[in-house]
Amino acid sequence: MERYNKFSIALEYLDVASTLFLEDHKFLSSLHLAGAAEEILGKYCESVEIDSEILKYRKSAIHWQSKVDSSLNVKQVVSQFNYHKNSIKHFDIKKDGDAVIELDAKYEAEHMLRRAYNNLENLDMLECCPQALMQVIEITTIWIESDS
(Lines give C-alpha, C1' and ligand atoms only; values in the text may rest on other atoms or scores of the structure.)
Protein backbone atom coordinates (compact mmCIF):
# COMPACT_ATOMS: atom_id res chain seq x y z
CA MET A 1 0.00 0.00 0.00
CA GLU A 2 1.27 3.46 -0.89
CA ARG A 3 0.65 6.86 0.65
CA TYR A 4 -0.49 9.84 -1.42
CA ASN A 5 -0.41 13.54 -0.62
CA LYS A 6 -3.80 15.19 -1.21
CA PHE A 7 -2.18 18.31 -2.67
CA SER A 8 -0.36 16.15 -5.22
CA ILE A 9 -3.61 14.35 -6.01
CA ALA A 10 -5.31 17.70 -6.66
CA LEU A 11 -2.49 18.75 -8.99
CA GLU A 12 -2.77 15.47 -10.91
CA TYR A 13 -6.53 15.94 -11.23
CA LEU A 14 -5.98 19.47 -12.53
CA ASP A 15 -3.40 18.35 -15.05
CA VAL A 16 -5.70 15.63 -16.43
CA ALA A 17 -8.79 17.87 -16.28
CA SER A 18 -6.97 20.61 -18.19
CA THR A 19 -5.71 18.17 -20.82
CA LEU A 20 -9.21 16.75 -21.25
CA PHE A 21 -10.50 20.31 -21.67
CA LEU A 22 -7.83 21.40 -24.15
CA GLU A 23 -7.13 18.34 -26.26
CA ASP A 24 -10.04 15.96 -26.02
CA HIS A 25 -12.94 18.34 -25.42
CA LYS A 26 -14.21 15.96 -22.73
CA PHE A 27 -15.79 18.76 -20.75
CA LEU A 28 -17.88 16.63 -18.35
CA SER A 29 -14.86 14.58 -17.28
CA SER A 30 -12.85 17.78 -17.04
CA LEU A 31 -15.55 19.33 -14.83
CA HIS A 32 -15.63 16.28 -12.57
CA LEU A 33 -11.86 16.13 -12.03
CA ALA A 34 -11.54 19.91 -11.71
CA GLY A 35 -14.35 19.88 -9.13
CA ALA A 36 -12.55 17.26 -7.07
CA ALA A 37 -9.30 19.24 -7.26
CA GLU A 38 -11.05 22.52 -6.42
CA GLU A 39 -12.60 20.93 -3.35
CA ILE A 40 -9.29 19.47 -2.12
CA LEU A 41 -7.50 22.78 -2.66
CA GLY A 42 -10.35 24.66 -1.01
CA LYS A 43 -10.10 22.48 2.08
CA TYR A 44 -6.34 23.00 2.03
CA CYS A 45 -6.93 26.79 1.99
CA GLU A 46 -9.29 26.59 4.93
CA SER A 47 -6.90 24.33 6.88
CA VAL A 48 -4.33 27.16 6.84
CA GLU A 49 -6.96 29.85 7.49
CA ILE A 50 -7.09 31.23 3.94
CA ASP A 51 -10.45 31.84 2.30
CA SER A 52 -11.19 29.31 -0.43
CA GLU A 53 -13.23 30.28 -3.47
CA ILE A 54 -16.35 28.67 -2.01
CA LEU A 55 -15.83 30.46 1.32
CA LYS A 56 -15.40 33.80 -0.48
CA TYR A 57 -18.65 33.13 -2.32
CA ARG A 58 -20.42 32.23 0.94
CA LYS A 59 -19.14 35.44 2.59
CA SER A 60 -20.31 37.46 -0.40
CA ALA A 61 -23.78 35.90 -0.13
CA ILE A 62 -23.89 36.63 3.61
CA HIS A 63 -22.90 40.24 2.93
CA TRP A 64 -25.60 40.52 0.25
CA GLN A 65 -28.13 39.06 2.68
CA SER A 66 -27.21 41.57 5.39
CA LYS A 67 -27.09 44.63 3.11
CA VAL A 68 -29.58 44.01 0.31
CA ASP A 69 -31.91 41.05 0.73
CA SER A 70 -32.54 39.61 4.17
CA SER A 71 -34.65 36.82 2.67
CA LEU A 72 -31.70 35.43 0.69
CA ASN A 73 -31.10 31.77 1.55
CA VAL A 74 -27.29 31.62 1.79
CA LYS A 75 -27.20 27.82 1.98
CA GLN A 76 -29.24 27.57 -1.22
CA VAL A 77 -27.04 30.14 -2.99
CA VAL A 78 -23.89 28.22 -2.08
CA SER A 79 -25.52 24.95 -3.13
CA GLN A 80 -26.33 26.53 -6.50
CA PHE A 81 -22.66 27.56 -6.85
CA ASN A 82 -21.77 23.84 -6.79
CA TYR A 83 -24.89 22.58 -8.56
CA HIS A 84 -23.35 21.51 -11.87
CA LYS A 85 -20.29 19.97 -10.25
CA ASN A 86 -22.57 17.82 -8.11
CA SER A 87 -25.25 17.17 -10.74
CA ILE A 88 -22.87 15.27 -13.01
CA LYS A 89 -21.66 12.92 -10.28
CA HIS A 90 -24.86 12.14 -8.36
CA PHE A 91 -28.17 10.64 -9.41
CA ASP A 92 -31.20 11.46 -7.29
CA ILE A 93 -34.29 9.72 -8.64
CA LYS A 94 -36.51 12.37 -7.02
CA LYS A 95 -34.71 15.27 -8.72
CA ASP A 96 -33.38 13.54 -11.83
CA GLY A 97 -36.20 11.15 -12.67
CA ASP A 98 -35.42 11.22 -16.37
CA ALA A 99 -31.64 10.98 -15.75
CA VAL A 100 -31.00 14.08 -17.86
CA ILE A 101 -29.33 17.34 -16.86
CA GLU A 102 -28.93 20.55 -18.81
CA LEU A 103 -25.72 22.52 -18.64
CA ASP A 104 -23.08 24.21 -20.76
CA ALA A 105 -20.38 21.63 -20.07
CA LYS A 106 -17.55 23.66 -21.58
CA TYR A 107 -18.44 26.75 -19.57
CA GLU A 108 -18.87 24.78 -16.33
CA ALA A 109 -15.55 22.95 -16.81
CA GLU A 110 -13.77 26.24 -17.50
CA HIS A 111 -15.40 27.82 -14.45
CA MET A 112 -14.36 24.93 -12.19
CA LEU A 113 -10.80 24.93 -13.55
CA ARG A 114 -10.63 28.65 -12.81
CA ARG A 115 -11.95 28.12 -9.26
CA ALA A 116 -9.23 25.54 -8.67
CA TYR A 117 -6.63 27.90 -10.16
CA ASN A 118 -7.87 30.66 -7.85
CA ASN A 119 -7.48 28.35 -4.84
CA LEU A 120 -3.86 27.72 -5.90
CA GLU A 121 -3.41 31.48 -6.19
CA ASN A 122 -5.00 32.00 -2.75
CA LEU A 123 -2.44 29.56 -1.36
CA ASP A 124 0.37 31.44 -3.15
CA MET A 125 1.22 28.15 -4.89
CA LEU A 126 0.94 29.06 -8.58
CA GLU A 127 4.46 27.72 -9.12
CA CYS A 128 2.85 24.27 -8.67
CA CYS A 129 0.18 24.95 -11.28
CA PRO A 130 0.15 22.35 -14.07
CA GLN A 131 1.20 23.78 -17.44
CA ALA A 132 -2.03 22.54 -19.04
CA LEU A 133 -4.07 24.53 -16.52
CA MET A 134 -2.00 27.62 -17.26
CA GLN A 135 -2.91 27.12 -20.94
CA VAL A 136 -6.61 26.93 -20.08
CA ILE A 137 -6.38 30.13 -18.05
CA GLU A 138 -4.45 31.87 -20.84
CA ILE A 139 -6.87 30.98 -23.63
CA THR A 140 -10.03 31.64 -21.60
CA THR A 141 -9.00 35.00 -20.14
CA ILE A 142 -10.04 38.18 -21.87
CA TRP A 143 -7.09 40.55 -21.80
CA ILE A 144 -7.76 44.27 -21.97
CA GLU A 145 -4.93 46.67 -22.59
CA SER A 146 -5.07 49.99 -20.84
CA ASP A 147 -4.05 53.27 -22.45
CA SER A 148 -1.66 54.15 -19.63
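In this structure, Gln80 and Gln76 have side chains that are not in contact, with every pair of non-hydrogen atoms separated by 4.5 Å or more. Ile54 places none of its side-chain heavy atoms less than 4.5 Å from the side chain of Asn119. By the 4.5 Å heavy-atom criterion applied to side chains, Phe21 and Lys26 are not counted as neighbours. The shortest side-chain heavy-atom distance between Tyr57 and Val77 falls under the 4.5 Å cut-off.
Between atom NE2 of residue His32 and atom CG of residue Leu20 there is a gap of 11.5 Å, rounded to the nearest 0.5 Å. Atom-to-atom distance recorded for Leu33:CG and Met112:CE is 12.0 Å, nearest 0.5 angstrom. Taking CG from Asp104 and NE2 from His111, the interatomic distance works out to 12.0 Å, rounded to the nearest 0.5 Å. Residue Glu110 holds its CD atom at 11.0 Å from OG of Ser18, rounded to the nearest 0.5 Å. In this structure, CG on Leu41 lies 11.5 Å from CD1 on Ile50, to the nearest 0.5 angstrom. With rounding to the nearest 0.5 angstrom, the CG atom of Leu120 is 10.0 Å from the CE atom of Met134.
A perpendicular orientation is assigned to the rings of His25 and Phe27, their planes being inclined by more than 60° (bins at 30° and 60°).
The number of heavy-atom neighbours closer than 6.0 Å to NE2 of His84, taken from other residues, nucleotides and ligands shown, is above 12.
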Donor-acceptor pairs under 3.5 Å, side chain of residues 2-17 to any protein atom, not counting sequence neighbours: which ones?
| unit_1 | atom_1 | unit_2 | atom_2 | d |
| --- | --- | --- | --- | --- |
| Asn5 | OD1 | Phe7 | N | 2.7 |
| Asn5 | OD1 | Ser8 | N | 3.0 |

Per-pair distances, 0.1 Å, donor-acceptor, side chain in residues 121-133, under 3.5 Å, sequence neighbours excluded:
| unit_1 | atom_1 | unit_2 | atom_2 | d |
| --- | --- | --- | --- | --- |
| Asn122 | OD1 | Lys56 | NZ | 3.0 |
| Asn122 | ND2 | Asp51 | O | 3.2 |
| Asn122 | ND2 | Glu53 | OE2 | 3.0 |
| Asn122 | ND2 | Asn118 | O | 3.2 |

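For Arg58, there are no side-chain hydrogen bond (donor to acceptor under 3.5 Å, both in side chains) partners at least two apart in sequence or on another chain.
Between the side chains of Arg114 and Thr141, at least one donor-acceptor pair of N or O atoms lies under 3.5 Å.
Using modelled atom types, one side-chain atom of Thr140 and one backbone atom of Val136 make a donor-acceptor pair closer than 3.5 Å.
The side chain to side chain donor-acceptor pair (under 3.5 Å) with Ser52 is formed by just one residue from the set Glu46, Glu38, Arg115; it is Glu46.
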